[in-house]
Amino acid sequence: MVCALAAVVVFNGLDARESVLAASQPLAVGHTVADVDLRVVRVSSSGLEVVPSAGRADVVGRRVAVPVAAGTLLTPGLFGEPAWPPSGQSLVAVAVKTGRLPAGAASGSRVMVFVPPAAVPGSGGGGPGLSSVVSVDATITEVRGDPSGVTIVTLLVAAADAPRLAGAVGDPSVVLLGMGR
């Protein structure tokens, strides 16, 4: 018994990891951090500027400046006045019907969104051509279900593309892009 206790004491003394704070759930820009938003994790933080677990009181009550994913190690730069979306970019939400969002599309995914022109009743199929399809490169920042059965996808897009995408009237489809695109 004494040997086992001694081994635990020696092992803990050799453990170079430290207790730091991480997000327990996704935190939106402007969110005021509450104790429930934080969890303590042990990491080797050599070279990382992370918030130690003893800094919990310094974090609670502060506003989040950028989106923070669940599990993210917290750093001092994540807090302050909202800095999101970045300059030259905008956030646009689109309602995507079932079957028009690939499995695996999640926050951080690079995508292309296509919105065909809406069908006009009585047009006899002679409506606008392919040139009126809106296509926009984007990065997904959030995906959430809606009670109506559609999926709300929040996208980070170039500011110049935001009005075209937000004003498009057809049903959007999302294409998940490969790495390097």
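Side-chain contact of S44 with R17: a donor-acceptor pair under 3.5 Å is absent, judged by distance alone.
Considering OG of S19 and CZ of R42, their distance stands at 4.5 Å, rounded to 0.5 Å. In this structure, CD in Q25 is found 6.5 Å from NE2 in H31, a value given to the nearest 0.5 Å. Separating the CD atom in E49 from the CG atom in L73 is a distance of 12.5 Å, to the nearest 0.5 Å. Taking OG from S107 and CD1 from I140, the interatomic distance works out to 8.0 Å, rounded to the nearest 0.5 Å. Note that the CG atom of L78 and the CG atom of L21 stand 11.5 Å from one another [nearest 0.5 Å].
With contacts defined as side-chain heavy-atom distances shorter than 4.5 Å, the pair D137/L177 qualifies. Put simply, the side chain of V59 reaches to within 4.5 Å of the side chain of F79, judged on heavy atoms. For the pair V51/P76, a side-chain contact is recorded, criterion being any heavy-atom separation below 4.5 Å from C-beta on.
In this view, T139 and R110 satisfy the side-chain hydrogen bond (donor to acceptor under 3.5 Å, both in side chains) rule, not counting sequence neighbours.
Cluster membership check: V94 shares its hydrophobic cluster with L176, using side-chain heavy-atom separations under 4.5 Å among Ile, Leu, Val, Met, Phe, Trp and Tyr.
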Please list, one pair per line, the donor and acceptor atoms closer than 3.5 Å that link side chains of residues 145-168 to other protein atoms, with sequence neighbours excluded.
| from | atom 1 | to | atom 2 | distance (Å) |
| --- | --- | --- | --- | --- |
| D146 | OD2 | S148 | N | 3.0 |
| D146 | OD2 | S148 | OG | 2.5 |
| D161 | OD1 | R164 | NH2 | 3.1 |
| R164 | NH2 | S135 | O | 3.3 |

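Residue pairs satisfying the salt bridge (Lys or Arg N to Asp or Glu O under 4.0 Å) criterion with at least one member in residues 82-104, sequence neighbours excluded, are listed as follows: K97-D171.
Using a distance-only test at 3.5 Å, with no hydrogens or angles considered, a donor-acceptor pair links the side chain of S24 to the main chain of D37.
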